[in-house]
Amino acid sequence: MEPAIVIAVFRKWLQDSPAIFLPSAWQNLPQLDLNLPQLANNELFPAADTIVQWCANNWLG
């Protein structure tokens, strides 16, 4: 999947379907917040990969 699509879908999930996130995923969201700022603004693939890894670790796909 294209990195921009991964990022857009994740953002849409957060905004439109917060119930799909288990309470533990919400508790682990700060970890994602810590990992993403380490990336340059134009690095879509690493950002998307970071999101995919976080989702996998939190049973979201």
Side-chain angles (χ1 to χ4, degrees):
M1 185 179 294
E2 288 292 321
I5 294 172
V6 169
I7 295 166
V9 167
F10 183 72
R11 185 173 175 209
K12 185 164 179 55
W13 281 357
L14 283 174
Q15 291 176 347
D16 298 344
S17 304
I20 67 170
F21 293 87
L22 298 172
S24 59
W26 284 107
Q27 291 172 348
N28 292 332
L29 199 56
Q31 182 61 44
L32 181 61
D33 194 38
L34 290 173
N35 293 338
L36 288 175
Q38 298 174 11
L39 304 171
N41 288 337
N42 61 350
E43 293 184 282
L44 289 182
F45 184 81
D49 188 53
T50 299
I51 290 169
V52 168
Q53 288 293 350
W54 183 89
C55 287
N57 291 338
N58 288 281
W59 305 282
L60 294 166

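We use all heavy atoms of the structure for the numbers below, so side chains are in, but hydrogens, waters and symmetry mates are not. These numbers were taken from a predicted model, which means no experiment stands behind them.
The CG atom of Asp16 sits 10.0 Å away from atom CZ of Arg11, with the distance rounded to the nearest 0.5 Å. Put simply, CG on Leu44 and CD1 on Ile7 are 5.0 Å apart, with the number rounded to the nearest 0.5 Å. Note that the CD1 atom of Ile20 and the CG atom of Leu14 stand 8.0 Å from one another [nearest 0.5 Å]. A distance of 11.0 Å separates CG in Asn57 from OG in Ser24, rounded to the nearest 0.5 Å. In this structure, CZ on Phe10 lies 11.0 Å from CD on Gln15, to the nearest 0.5 angstrom. A distance of 11.0 Å separates CG in Asn28 from CG in Leu34, rounded to the nearest 0.5 Å.
Although no hydrogens or angles enter the test, the distance criterion places a donor-acceptor pair under 3.5 Å between the side chain of Asn58 and the main chain of Trp54. Not a single donor-acceptor pair under 3.5 Å links the side chain of Ser17 to the backbone N or O of Trp13.
For Asp33, there are no salt bridge (charged side-chain N to carboxylate O under 4.0 Å, His left out) partners two or more places apart in sequence or in a different chain.
Heavy-atom neighbours of Glu2 CD from other residues, nucleotides or ligands within 6.0 Å: at or below the threshold of 12.
Proximity of Thr50 to Leu36: side-chain heavy atoms (C-beta onward) are separated by under 4.5 Å at one or more points.
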Would Asn35 and Gln31 count as a side chain to side chain donor-acceptor pair (under 3.5 Å) here? Give the steps. CA-CA 6 Å; Asn35 293 338; Gln31 182 61 44; 3.2 Å; yes
